[in-house]
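Lettering follows sequence order; numbering is per chain, from 1. Note that the coordinates shown come from a computational prediction; the quantities given were computed from them, not determined experimentally.
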Amino acid sequence: MKTIVPRSFYERPDVETIARELLGKVIVTEFDAGRTTGIITETEAYAGVLDKASHASGGRRTARNEPMYGRGGLAYVYLCYGIHHLFNVVTNVKGVPHAVLVRGIRPLEGMEVMRARRGGTKLTTSGPGTLTTALGIRTELSGSDLLTGPIRLEDHGIRFPPEDLLVGPRIGVDYAGEDALLPYRFRIAPSRLPSWAR
DNA sequence: ATACCGATTAACT
DNA sequence: GTTAATCGGTATA
């Protein structure tokens, strides 16, 4: 049973819960090269204006992060370190800039296309920059709708046991002071995934 | 107009 | 464990 993740999933108030429940959901992109999909294995929650690690910290609002202020279920894609396109799922209602960064996927469909996009024999999709390359996600897709746009999220009914869930502090946000310690990183234990998916 | 820097990655030692 | 690559976004003036 494959269903599009509904608007009501994204528009809930608790971004941590949404980040955790996004594990196991499937990201789908379909461009000229064909359908490519992956199971979400790692996420991080970014809790809006009160979160010093968020691009919306203190109510900061610019052309780049404008999608964060849109309705839940939009994509927020931005360029990091001049190279990497990072993909976020916008949550909460319009005007509340919560988001979830997707940090890892397990490749599911279109493996050869993704491998070609990554330009090598190995297919690494375990980091926020590598998975967007594999899926063909770019900053120009920022602001698109995950229910009707070129990037979609599906529920394939994939579930995993609670003991496989790891929770810890977020990566690369040392500048956020005490907020860097918040347990907002969620992932499926890598040891529970086949080695090619790590 | 200018300066600083990042929600990272890959290739090193 | 360390570090170079790389450039748009943002703040400052």
Problem - Any donor-acceptor N/O pair under 3.5 Å between B:dA7 base and A:His84 side chain - result: no
Completion exercise
Against the side chain of A:Met68, the closest entry in C:dG8, B:dA7, B:dT9 is B:dA7
Practice task
Examine B:dA7: is either OP1 or OP2 under 4.0 Å from a nitrogen or oxygen in the side chain of A:Tyr175? Give yes or no.
Solution key: yes
Problem - Note: A:Arg61-A:Glu66 ion pair, threshold 4.0 Å (strictly below) - result: yes
Problem - Any A:Arg64 side-chain nitrogen or oxygen under 4.0 Å from OP1 or OP2 of C:dT10 - result: yes
Problem - B:dA1 - base-pair partner by Watson-Crick or wobble geometry, distances under 3.5 Å - result: C:dT12
Practice task
Give a yes or no on whether the backbone of A:Ile171 and the side-chain of A:Glu44 come within a donor-acceptor separation of less than 3.5 Å.
Solution key: yes
Handout entry: Phosphate contact (B:dT8 OP1 or OP2) by A:Arg103 side-chain N/O below 4.0 Å
Key = yes
Exercise for the section: Evaluate whether the aromatic ring of A:Tyr46 and the six-membered ring of the B:dA7 base sit under 5.5 Å apart, centre to centre, with an inclination under 30°. Expected result: yes
Exercise for the section: Indicate yes or no: does A:Glu154 engage A:Lys2 in a salt bridge with an N to O separation below 4.0 Å. Expected result: no
Problem - Lys/Arg-Asp/Glu bridge criterion (N-O < 4.0 Å) met for A:Arg7, A:Asp145 - result: yes
Handout entry: For B:dA10, the Watson-Crick or wobble partner whose two distances fall under 3.5 Å
Key = C:dT3
Practice task
Ignoring the backbone of A:Pro128, work out which of B:dT9, C:dG8, C:dA11 is nearest its side chain.
Solution key: B:dT9
Practice task
Please state whether the phosphate of C:dG9, meaning OP1 or OP2, lies under 4.0 angstrom from any side-chain nitrogen or oxygen of A:Arg61.
Solution key: no
Handout entry: Side-chain N or O of A:Thr62 closer than 4.0 Å to phosphate OP1/OP2 of C:dG9
Key = no
